[in-house]
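All residue numbers refer to positions in the sequence shown, counting from 1.
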Amino acid sequence: FLMTGPKAYLIYSSSVAAGAQSGIEECKFQFAWDRWNCPERALQLSSHGGLRSANRETAFVHAISSAGVMYTLTRNCSLGDFDNCGCDDSRNGQLGGQGWLWGGCSDNVGFGEAISKQFVDALETGQDARAAMNLHNNEAGRKAVKGTMKRTCKCHGVSGSCTTQTCWLQLPEFREVGTYLKEKYHKALKVDLLQGVGNSAASRGAIAETFSSISKKELVHLEDSPDYCLENKTLGLLGTEGRECLKRGKTLSRWEKRSCRRLCGDCGLAVEERRAEMVSSCNCKFHWCCAVRCEQCRKRVTKYFCVRKEKRERSGGGRATRKLKRKP
């Protein structure tokens, strides 16, 4: 699209690319301790002409990528990167609620939404059920950005009495958008359209009618997910053998604490404990002029990995000690 679309859109290309990448990075964070962990190869194959998947993971990838593009375009607009874009002041002066008015400089999500739709949706050239699913999930990603925006207000009045307030809308941290969409992923709706649906006008009409009845905020998928425990080279899936999991830690969430059972035990694998010595720079001090000198600190850590049960038995209980060096 960047090569064949309107030349005017070339000024947005770097923001679009950065936004799509931020979406994938957020995908990796959200699924770090899931059986499917947003692998690069699977992402590439998911959009390949002959291997297009239509499961709930595909739905999330489309939604978070679309959200990332819209978010980045909106943010860069607010930063003044584009000459034709500025604050959204369309509602300024209007009553927003009891005791407050619209004012200030709201992030222009309308701009981000319009441009991202031109870029992202243009990649979907088909008219079948999978194309309709992808377009729906693209829109769900954009709705997630708008739905997570934060209202910020400033008080006005004598001696800070705050008799009135002016308020505007700001983008949240992108992590909030990712978390919001992860919740939608768990509640994604399955649409049964694949069997008997062709590309005729009547079929396209039935597809459009089905998707129009589903809220644009919800993620949808057409197929069940494969077994992510197992390696599947055709689909670019590595399985969970060799994956790291978490067991202990005061800051771990319940989901993270259960990762060993989810990635190893429930997939028929054992948990192997590996002890390692990590070397890192510490106690760094600035010396005049002009050098920073650090000490080398060693710390013993324990990590856990999913291994085949027979491999664990051969290793004599599954404990190993390694030395790891961390660059300063």
Practice problem: Inspect the contact between K247 and E273 and indicate whether a charged nitrogen and a carboxylate oxygen are less than 4.0 angstrom apart. | Solution: no
Exercise. Quick one: closest heavy-atom pair of Q165 and C153, and the distance?
Key: OE1-CB, 3.2 Å
Quiz item: Would you say D34 and E57 make side-chain contact, with heavy atoms under 4.5 Å?
Solution: no
Self-check item: Close side-chain approach of C297 and N283, heavy atoms under 4.5 Å
Solution: yes
Quiz prompt | Any side-chain heavy-atom pair of Y180 and P172 under 4.5 Å | solution = no
Self-check item: NZ/NE/NH1/NH2 to OD/OE distance under 4.0 Å, K187 and E218
Solution: no
Quiz item: Side-chain contact, heavy-atom cut-off 4.5 Å: Q296 with S281?
Solution: yes
Quiz item: Are C260 and C245 within a span of less than 2.5 Å, counting SG to SG?
Solution: yes
Quiz item: Backbone N or O of D227 within a donor-acceptor pair of the R35 side chain at under 3.5 Å?
Solution: no
Quiz prompt | E113/R142 ion pair, N-O < 4.0 Å | solution = no
Quiz item: Is F305 linked to L246 within one hydrophobic cluster, defined over Ile, Leu, Val, Met, Phe, Trp and Tyr using a side-chain heavy-atom separation of less than 4.5 Å?
Solution: no
Practice problem: Side-chain contact test, heavy atoms from C-beta onward, threshold under 4.5 Å: evaluate it for V301 versus R275 and give yes or no. | Solution: no
Exercise. Could you label the plane-to-plane angle of the F111 and Y12 rings as parallel, tilted or perpendicular, counting under 30° as parallel and over 60° as perpendicular?
Key: perpendicular
Quiz prompt | Working for side-chain hydrogen bond (donor to acceptor under 3.5 Å, both in side chains), residues D107 and T74 | solution = CA-CA 7 Å; D107 284 327; T74 302; over 6 Å; no
Quiz item: Is atom CD of E244 surrounded by more than 12 heavy atoms (other residues, nucleotides or ligands) closer than 6.0 Å?
Solution: yes
Quiz item: Taking R56 for the side chain and Y185 for the main chain, is one N or O donor matched with an acceptor at less than 3.5 Å?
Solution: yes
Exercise. Supply the atom-to-atom distance F174 CZ to T148 OG1, rounded to the nearest 0.5 angstrom.
Key: 9.0 Å
Quiz item: Going only through I, L, V, M, F, W and Y residues with side-chain contacts under 4.5 Å, is there a path from M70 to V61?
Solution: yes
Self-check item: Interatomic spacing from NZ in K154 to SG in C167 - rounded to 0.5 Å
Solution: 12.0 Å
Self-check item: D89 side chain vs C105 backbone, donor-acceptor pair below 3.5 Å
Solution: no
Quiz item: Which heavy atom of I207 sits nearest a heavy atom of Q127, and at what distance?
Solution: CD1-O, 4.4 Å
Quiz item: Does A63 offer a backbone N or O that forms a donor-acceptor pair with the side chain of N137 under 3.5 Å?
Solution: no
Self-check item: Shared hydrophobic cluster, L263 / Y228 (ILVMFWY, side-chain heavy atoms < 4.5 Å)
Solution: no
Quiz prompt | Lys NZ or Arg CZ of R262 over W255 ring: under 6.0 Å, within 45° | solution = yes
Quiz prompt | For S116, the option from N138, L73, V109 that meets side chain to side chain contact (heavy atoms under 4.5 Å, CB included) | solution = L73
Quiz item: Can a donor-acceptor pair be found between the side chains of T152 and Q170 at a distance below 3.5 Å?
Solution: yes
Quiz item: When rounded to the nearest 0.5 angstrom, what distance separates CG in D83 from SG in C77?
Solution: 11.0 Å
Quiz prompt | Rounded distance (nearest 0.5 Å) linking atom CH2 of W100 with atom CG of L95 | solution = 8.0 Å
Self-check item: Heavy-atom side-chain contact between T58 and H62 under 4.5 Å
Solution: yes
Quiz item: Any idea which heavy atoms bring N55 and S225 closest together, and the distance?
Solution: CB-OG, 3.8 Å
Quiz item: If you measure from CE on M133 to CG on L219, what distance do you get to the nearest 0.5 Å?
Solution: 9.0 Å
Quiz item: Between I214 and H136, what is the shortest heavy-atom contact and its length?
Solution: O-CE1, 3.7 Å
Quiz item: Could you go step by step and tell me if L269 and R308 meet the side-chain contact (heavy atoms from CB on, under 4.5 Å) rule?
Solution: CA-CA 5 Å; L269 300 172; R308 294 181 186 178; 4.2 Å; yes
Quiz prompt | Minimum-distance pair of heavy atoms, taken over all atoms of W168 and T166 | solution = CZ3-O, 3.6 Å
Quiz prompt | Full working for side-chain hydrogen bond (donor to acceptor under 3.5 Å, both in side chains) between E223 and S53 | solution = CA-CA 8 Å; E223 304 169 346; S53 58; 5.7 Å; no
Self-check item: Residue pair R298, E277: steps toward the salt bridge (charged side-chain N to carboxylate O under 4.0 Å, His left out) verdict
Solution: CA-CA 6 Å; R298 288 173 167 77; E277 186 179 78; 3.5 Å; yes
Quiz item: How about C282 and C294: are their SG atoms under 2.5 Å apart?
Solution: no
Quiz item: Is the shortest heavy-atom distance from the side chain of I64 to the side chain of Q30 under 4.5 Å?
Solution: no
Quiz item: In this structure, are over 12 heavy atoms from other groups packed under 6.0 Å from N84 atom CG?
Solution: yes
Quiz item: Are K190 and D224 within salt-bridge range, i.e. N to O under 4.0 Å?
Solution: yes
Exercise. Find the distance between CD (Q94) and CG (N92) and round it off to the nearest 0.5 Å.
Key: 8.5 Å
Quiz item: Can you find a pair of side-chain heavy atoms, one from W36 and one from L237, that are under 4.5 Å apart?
Solution: yes
Practice problem: Using the ring of F31 (Phe, Tyr or Trp, six-membered ring only), decide whether K182 places NZ or CZ under 6.0 Å from its centre and within 45 degrees of its axis. | Solution: yes
Quiz item: Is there a side-chain contact (heavy atoms from CB on, under 4.5 Å) between F82 and S15 once you walk through the steps?
Solution: CA-CA 10 Å; F82 309 127; S15 292; 3.4 Å; yes
Quiz item: Are L135 and L181 co-members of a hydrophobic cluster defined by side-chain heavy atoms under 4.5 Å apart?
Solution: no
Quiz item: What do the steps show when you test I24 against S65 for side-chain contact (heavy atoms from CB on, under 4.5 Å), and what is the final call?
Solution: CA-CA 6 Å; I24 297 306; S65 299; 3.7 Å; yes
Self-check item: Over all atoms of both residues, closest heavy-atom pair of C306 and T240
Solution: CB-O, 3.4 Å
Self-check item: Under 3.5 Å: donor-acceptor pair, side chain of S253, backbone of E256
Solution: yes
